[in-house]
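Following: one structure in structure tokens, then a few remarks.
Hydrogens, waters and symmetry mates play no part in the numbers below; they use all other heavy atoms, side chains included. Counting starts at 1 for both ligands and their atoms, in listed order.
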Amino acid sequence: MSIVTLSLPNVNLKTEIRPKVCPYCSGETFQRWGRVSKPVKDNRYRSVLVYRYRCCHCHRTFRHYPSGVDRADQTLRLRKLSTLLWVLGMSLRGTCTALSVFGVQLSHMSLWRNLQEQADDLEKQRHWKPVRVLGIDGLYPLGKGRQQPVLIAVDLSTGQPVAMGHVNEYDLWAVHRFLEPLVKRLGVSVIVSDDLITFHRVTEKLGVEHQVCQFHVRRWVGRTLYQLRETVPKEWWWVLDETKSLLTELPPEGSRRLFELWKQIPERHGAHRKSRSALTQLRELLIRLSEYWSSYRVFDWQKDVPWTNNATEQAIGRMKMRSRTVRGYKSWCGMWAAGMLSCAGVSW
Ligand SMILES: [Zn+2]
């Protein structure tokens with residue numbers, strides 16, 4: 001994320017430009033109907049001048065605000081500026097202190113509302129953007145007592161979180177309920193995830209491509225192979241070696257080769273019980289890798305598909321880090337606002 005320029009909304013002290021349409025009716029002619037000085041919270045101004053107008057059509061009066069000002073007591077600029085300071089890494093307290101340099105007294109609660117508002121704005125803009133490659137990952141939020149797992153979906157072309165739900169990643173139906181509307185609404189064609197059976201099943205059911213994070217595959221398969229070397233009889237060690245190199249090279253024909261290896265290992269083995277169960281384990285490993293082989297190498301033929309789920313993990317890491325500074329508020333909303341804002345960076 002690189003910051004090139006930062007621009008904040010302009011705030012005018014007053015406006016001579018007359019309103020174009022009446023907020024109540026479609027009337028277009030007005031009489032000026034007095035003026036008021038509106039106190040504002042802003043990094044430069046303490047108050048702005050607001051004219052009142054009376055609609056010649058419906059005879060109602062309304063306030064016509066200069067740019068950067070609305071009904072709220074903070075200007076748009078201050079709302080953005082305070083969010084920006086927080087996005088750049090300050091805590092809630094730190095942001096309020098920094099704003100006091102400009103003579104602005106902002107409560108934590110007001111700042112918190114600004115963060116929510118900006119996050120909501122981003123979310124509204126986002127809804128219309130299709131997502132081709134979606135990363136998903138489970139998360140177990142900090143906090144005592146409430147260890148409800150969360151599933152987070154990230155647009156991998158931008159690193160922006162697009163959805164979050166209280167979903168246990170091991171629960172097939174819950175995962176399906178979470179992903180189905182997302183896939184439909186966003187037009188997702190590839191999902192990147194860990195090597196969990198639930199994700200394999202759901203992506204298959206939804207008819208989308210599935211790329212499994214290679215870090216995870218290599219980690220768990222590597223660990224399994226390492227343990228099997230202790231128990232599998234020596235004459236089968238070459239299978240362990242070949243499995244390992246297949247996984248490193250990911251050739252297109254890997255699935256067939258793993259299946260052949262699986263067939264070569266006898267189902268029943270005369271040796272000790274220990275080696276028998278080790279060979280059963282090896283067979284299970286081979287058949288599983290063979291079955292899901294295509295999901296290990298989608299990145300090989302689809303150029304915008306990453307071969308790991310790192311971008312999703314990074315997005316979640318940012319959410320976790322930022323939501324820690326809003327502890328004490330509802331952690332759910334905090335996580336979400338943190339995610340929306342910190343991943344969007346300062347592109348607004
Ligand atoms: Zn009117």
Q) Relative to each other, are the rings of Y53 and Y51 parallel, tilted or perpendicular (30° and 60° limits)? A) perpendicular
Q) For D70, which residues count as a salt bridge (charged side-chain N to carboxylate O under 4.0 Å, His left out) partner, sequence neighbours excluded? A) R79
Q) Taking H64 for the side chain and T15 for the main chain, is one N or O donor matched with an acceptor at less than 3.5 Å? A) no
(Q) Given 3.5 Å as the limit, does a donor-acceptor pair link the side chain of R60 with the main chain of R54, or not? (A) no
Q) What protein N/O/S atoms lie closer than 2.8 Å to the Zn ion (ligand 1)? A) C22 SG, C25 SG, C55 SG, C58 SG
Output a table of donor-acceptor pairs, distance under 3.5 Å, between side-chain atoms of residues 198-210 and any protein atom two or more places apart or on a different chain; print 'none' if there are none.
residue : atom : partner : partner atom : Å
T198    : OG1  : E169    : O            : 2.6
H200    : ND1  : H210    : ND1          : 3.4
H200    : NE2  : D195    : OD1          : 2.6
T203    : OG1  : F199    : O            : 2.7
T203    : OG1  : H200    : O            : 3.0
H210    : NE2  : S193    : OG           : 2.8

Q) Using links of under 4.5 Å between side-chain heavy atoms of ILVMFWY residues, direct or through other members, which residues join V50 in one cluster? A) V11, L13, V36, V40, Y45, V48, Y65, V69
